[in-house]
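All of these numbers come straight from a predicted model, not from anything done at the bench.
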Amino acid sequence: MTDFDLHIHGKHSGGVSPDMEIPTIAEEAEKKGLDMVGTGDILNPKWLRHVKEETEEKKGYLKNGDIKFLPTTEVEDEDRIHHLIIFPDLETVEEAYTDFQELSDDIRREGRPRIKADGEKIVEIAKKHGCLIGPCHAFTPYTAIYGKKDSLKESYGDQVENLDFLELGLSADSSMASKISDHEDLVFISNSDAHSPWPHRLGREFNRAELSEESFEGLRKLFRGEEGEIKLNVGLDPREGKYHCSACNSCHQKYSIEQAESFDWSCEECLGTIKKGVKDRVNELSDKEPDYPVDYLHLPPLAKIIQYTVGHASPTTKTVQKRYKALNEAFGAEVDILVEEKIEDISEVDEEVAESIRKFREDEIVMIPGGGGDYGERIIPENEEERQELLQEKAS
């Protein structure tokens, strides 16, 4: 079984940690339990040089230590829609760079270059070079396809049939995405879009799959339905997202879609602008019942679970990291602790955290959904009675 996260960024992108270097990413990916990771930002010349220096190129992947990297990049089109491209090898990256350079003013300095073309043209270039491509974080309100368009075809035109996957992003899960019939022939993937290498960012969303081989070719066969199978998507609960509910961008007052429309998207509390939420956008586009055959596990990173358990403000405090280290040393890879290890075994090392992991696995967490730029809130109830009280309070 292979665990992978294909969407991250390198240290030359804006807002990205200077620690985002290949050796550190590889070290933290191993701690996380990932087998394959996207390089991110591979069209950036400085990052490409760094990747070349810090990896060994094999057939269909790059290697640093035990971690396999695939050359990837996120690009932004003329409509500010983002697309994820996966390249077969570094030679192909350099060939594709020539085509993209002609359409970009910032490709030499940006990790995520802006391409002066629509989605259709970008897919055309990607396919010319034998790449894999799909929409990034498809439901994010500001820089994703469904923040701008009502269908895949509106962005990709005649190239829509050449899409390989749909990235769910932090704002959606497979149940939400499978309500739209446009997606019936696409594989859904969950990626972190990480801007720092630490395990509460890297792999905060990941995929578990049976692949014919851990390489570009293995992914190609998986996405084309030829060989291999996604077994599990793991990611954050979409209700945690800043734009899950329709809400005011200023005071975060939440509104139903009917209320927002009747108020002409102007907040009754403060006259700010109401931003349409991902939940309402999905329902707007929905034309079928959700039926994606792969399980989606709503599970935050281990350090975040420890943070919530001990009531700390950050997953990087000494107390949180001490307990994380103890679990990591006892069981190894974080993803196995989260998904595979028996709760009774985890309890022998940390009873409190084990119980929190159980509650997340069994969906006993109470979520206060986010909206209007304000993150949702997770509450880990002490018992079922408290959970029911919280749910009633939330509903009232």
Do Trp198 and Val16 belong together in a cluster built from hydrophobic side chains that touch within less than 4.5 Å?
-> no
Please check if Val339 and Leu236 belong to a single hydrophobic cluster, counting links between Ile, Leu, Val, Met, Phe, Trp and Tyr side chain heavy atoms closer than 4.5 Å.
-> no
Look at the aromatic rings of Phe263 and Tyr255 and report parallel, tilted or perpendicular, splitting at 30° and 60°.
-> perpendicular
Could you tell me how the ring of Phe165 sits relative to the ring of Phe223: parallel (under 30°), tilted (30 to 60°) or perpendicular (over 60°)?
-> tilted
So with a 6.0 Å cut-off around [atom1] of [X], is the heavy-atom count from everything else above 12?
X	atom1	result
Lys359	NZ	yes
Glu56	CD	no
Glu161	CD	no
Asn283	CG	yes

Can you tell me how far the [atom1] atom of [X] sits from the [atom2] atom of [Y], to the nearest 0.5 Å?
X	Y	atom1	atom2	value
Cys245	Ile257	SG	CD1	11.0 Å
Arg112	Cys136	CZ	SG	9.0 Å
Ile125	Leu103	CD1	CG	5.0 Å

State whether the side chain of Glu210 and the backbone N or O of Met1 hold a donor-acceptor pair below 3.5 Å, judged by distance alone.
-> no
So, His9 versus Asp193: side-chain donor-acceptor pair below 3.5 Å or not?
-> yes
Return the minimal non-hydrogen interatomic distance between Arg224 and Leu163, and the atom names on each side.
-> NH1-O, 4.1 Å
Begin from the C-alpha positions of His82 and Glu74 and carry the test side-chain hydrogen bond (donor to acceptor under 3.5 Å, both in side chains) through to its verdict.
-> CA-CA 7 Å; His82 292 185; Glu74 180 183 24; 2.8 Å; yes
Within 45 degrees of the axis of the six-membered ring of Tyr324 and under 6.0 Å from its centre: does Lys31 put its NZ or CZ there?
-> no
